[in-house]
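Residue numbers run from 1 in the order of the sequence given.
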Amino acid sequence: MPSKNNRPSSAKTHAHVKKAILICPSVIIVILLAAFLFTMGSSFSESAKMKEDLIRLSEETYDSVLLSMHSTEQFREDDFSYYLAQNTAIMTHAVENSKELSKYLEHILASGNEISNIYLCLDPGLLWNSVGKNAAKWHDSLTRDLYNCIESHPQITFDILLPYPHIDYWRSLPQKELETTLTTYHTMVNEVSSYPNAITFFPGMEEWIIMSPGNYENTPFDAVEDIVFALFANTFCGNGTYQITPENEDVFWNALRQIIQREQKSPTQYPDLSDWCFVLFGDSVLGNYTGSTSIPGYITSLSGASVFNFAIGGTSAACRGREEGDDLPDIFGRFVKENIMISQNGNTFSPQGAQPDTFEGKKLCFLFNYGLNDYYSGVPVENPQSPNDTATYKGSLRTSIQALKIMLPDAYYVIMSPTHTKLFSFGMDSMSEEGSALPAYVKGAEELASELGLYFLDNYHDFIVTDDTLDIYLSDGTHPNERGRYAIAARLVEFISNLSQ
């Protein structure tokens, strides 16, 4: 990310320029000419990209279009086709001002295609700067180049997505510029709201988006594909999650302002765990999500730790005798065979495909997160007559962890409890005569951690996911949504950072 600190001071720059002029005026001419040609080259490149877009708009068949003032690289036309049944043309040029926007709209409307939706990723801050930060010009340009078009084509839905930059962007703004920028966002929301065929979305106050550096690449405004798809699903696909209006915008702005104020006063600093390697076992909470918004993805993004994820959705700790053979005893057996190198000099974790020295000097931590599927399946928590009974929750965990500790005694071991669930009377029903309510499995995990000398992370009794907050952090009453996964990962990172202190 570019830093103002890398730029030379004005005094130093002027001194160099003055010296160059005194020595050889022709050198300056050459430099200025080269700079001019470089600038023109960039301009030509962007104009060429825009020209290609406009040709495409004139020649192709489509029923919707996406335009953006930032990169559109991570949007996928196939997603619009699959989820919205729309033939969407995604433009590649990053629109710089309302005049360019107007030119695109003119080509779209003159194409002869029957347009249902125009998706606009607009940046009020860039639009404000493009008119010289003049309120009258702002209003006139947007009215002429955008609002008149919206009003004149009521059959077209205009979906407007406002930016969601990384917190570093907001944190870097001087207070006056921050207030001005937020005002431009507020103004656009209010102006657009007067048109019934226009919808505005703003997800930029979500911590699971803006607080994780792994969610962005190249600039603080260019999110990775996982984030773009998540927002595509939560905005353009019509569930209204982040729709912002004059009636609800106070909630959005207040949430963003609180984050900015907190980060300006005391920036969040996640611990550096780049000398750690995590190996995860568990169910769909860990296994069903990939990329930057998964729990493993957030762990790496926030801490720099290496993560190997062997969690599989639908599995339990206890062996349930299924044909799939994908409960912990089977998973663990395959794991040892394929990823533990046995030698007389000591056993090592050596996942297939990893370089031999990948983990040299790193702390190794195994994390086990089971319990929900054990509860849902009604398996016994334990068998007092047979402590290592792999058909029970505690017996299966005990068997696998004891075997792993013998092979890798210097590693760290953590059992993480499941969170609350909304299903089956909030986990209070027993699912079989041998089964128990969910808290019994949580207690069993804690008891086992104490018995084996392991670390225990209680996400049931001591976490933000409670019976009262399930709808905030869970997507379906069981699985954590993006907020929940970010919260679990952030808590785990802090927990691990304290283990070796």
Just wondering, do I259 and W170 contact through their side chains at under 4.5 Å, heavy atoms? no

Of the non-hydrogen atoms in S64 and S116, which two are nearest, and what is the gap between them? CB-OG, 4.4 Å

Given the rule in the side chain to side chain contact (heavy atoms under 4.5 Å, CB included) test, do E263 and M211 qualify, once you have shown the distances and angles that lead to the verdict? CA-CA 10 Å; E263 292 301 311; M211 290 299 295; 3.5 Å; yes

Is a donor on one side and an acceptor on the other found under 3.5 Å between the side chain of T72 and the backbone of F75? no

Check for me whether the distance between the ring centres of F80 and Y119 falls short of 6.0 Å. yes

Can a side-chain donor-acceptor contact be found between D145 and S98 if the only test is distance below 3.5 angstrom? yes

Is a donor on one side and an acceptor on the other found under 3.5 Å between the side chain of S294 and the backbone of G297? yes

Given the rule in the side chain to side chain contact (heavy atoms under 4.5 Å, CB included) test, do L470 and V465 qualify, once you have shown the distances and angles that lead to the verdict? CA-CA 6 Å; L470 290 174; V465 181; 3.9 Å; yes

Just do the side-chain hydrogen bond (donor to acceptor under 3.5 Å, both in side chains) check on N248 and Q243 with the steps written out, would you? CA-CA 9 Å; N248 69 7; Q243 183 174 349; over 6 Å; no

Between D250 and R257, does at least one N-O distance fall below 4.0 Å, as a salt bridge requires? no

With side-chain hydrogen bond (donor to acceptor under 3.5 Å, both in side chains) as the criterion, how do T315 and D326 come out once you've worked through the C-alpha distance, each side chain's angles and the decisive distance to 0.1 Å? CA-CA 6 Å; T315 60; D326 270 341; over 6 Å; no

C121 SG to I160 CD1 distance, which is reported to the nearest 0.5 Å: 10.0 Å

Donor-acceptor pair, side chain of S102 and main chain of K99, under 3.5 angstrom: no

Is the closest side-chain donor-acceptor distance between Y473 and T419 under 3.5 Å? no

Check whether Y62 reaches the backbone of L57 with its side chain - one donor and one acceptor, N or O, closer than 3.5 Å. yes

Quick note, salt bridge (Lys or Arg N to Asp or Glu O under 4.0 Å) partners involving residues 61-83, not counting sequence neighbours, are R56-E77, R76-E225

To the nearest 0.5 Å, atom CG of L120 lies from atom CG of L105 at 6.5 Å

Over all atoms of both residues, closest heavy-atom pair of I496 and C365: CD1-SG, 3.9 Å

Ring center gap for F221 and Y169 short of 6.0 angstrom: yes

Quick one: pull up OG in S377 and CE in M431 and give me the separation to the nearest 0.5 Å. 9.0 Å

S274 versus D272, side-chain donor and acceptor atoms under 3.5 Å: yes

How long is the straight-line distance from CD of E249 back to CZ of F252, given to the nearest 0.5 Å? 9.5 Å

Any side-chain heavy-atom pair from N234 and F201 closer than 4.5 angstrom? no

For L438 and P418, which heavy atoms make the closest approach, and how far apart are they? CD1-CG, 4.0 Å

May I ask you to test the L178-T181 pair for a side-chain heavy-atom distance under 4.5 Å? no

Is there a side-chain contact between N339 and V279, using heavy atoms and a 4.5 Å cut-off? no

Evaluate the side chain to side chain contact (heavy atoms under 4.5 Å, CB included) criterion for residues L126 and H70: first the C-alpha distance (whole Å), next the side-chain angles of each, then the deciding distance (0.1 Å), finally the verdict. CA-CA 10 Å; L126 289 181; H70 296 286; 3.7 Å; yes

More than 12 heavy atoms from other groups under 6.0 Å of NE2 on H139: no

Give the minimum heavy-atom separation between G214 and S292, together with the two atoms involved. O-CB, 3.6 Å

Could you check if a side-chain atom of Y270 sits within less than 4.5 angstrom of a side-chain atom of S303, using non-hydrogen atoms only? no

What is the ring orientation for H479 with Y289, classed by angle as parallel under 30°, tilted 30 to 60°, or perpendicular over 60°? perpendicular

Does either side chain, that of N87 or that of E60, offer a donor lying less than 3.5 Å from an acceptor on the other one? no

Between E482 and E206, is any pair of side-chain heavy atoms under 4.5 Å apart? no

Under 3.5 Å, side chain of N215 to main-chain N/O of W208, donor-acceptor pair present? yes

Do Y147 and S194 have a side chain donor and acceptor closer than 3.5 Å? no

Is it true that W253 and F202 have ring centroids separated by less than 6.0 Å? yes

What is the distance from atom CG of D458 to atom CZ of F463, rounded to the nearest 0.5 Å? 10.5 Å

When you measure from the side chain of S130 to the backbone of N97, do you find a donor-acceptor pair of N or O atoms at a distance under 3.5 Å? no

As an exercise, state the distance from CG of L127 to OG1 of T187, rounded to the nearest 0.5 Å. 12.0 Å

For D327 versus R320, what's the shortest heavy-atom pair and its separation? OD1-NH2, 2.9 Å

Ignoring hydrogens and geometry, is there a side-chain-to-backbone donor-acceptor pair from D159 to T235 under 3.5 Å? no

Any non-hydrogen side-chain atom of S316 less than 4.5 Å from a side-chain atom of V379? no

F281 ring center within less than 6.0 Å of F368 ring center: yes

Please find out if less than 6.0 Å separates the ring center of F236 from that of Y83. no

Pair Y242-L161, side chain to side chain contact (heavy atoms under 4.5 Å, CB included): steps then yes or no: CA-CA 9 Å; Y242 296 117; L161 178 61; over 6 Å; no

Hey, is K137 close enough to D140 for a salt bridge, meaning N to O under 4.0 Å? no

Pair K103 + D53: basic N to acidic O under 4.0 Å: no

N/O donor-acceptor pair under 3.5 Å between T157 side chain and N117 backbone: no

Look only at the side chain of Y185 and the backbone of G125, and say whether a donor-acceptor pair between them is shorter than 3.5 Å. no

Determine whether more than 12 heavy atoms belonging to other residues, nucleotides or ligands lie under 6.0 Å from atom CD of E114. no

Under a 3.5 Å distance rule, please check whether N459 uses its side chain to pair with a backbone N or O of M416 as donor and acceptor. no

Can you name the closest pair of heavy atoms from C149 and L109 and give their distance? SG-CD1, 3.5 Å

Validation row: I210, P203 side chains within 4.5 angstrom (heavy atoms): no

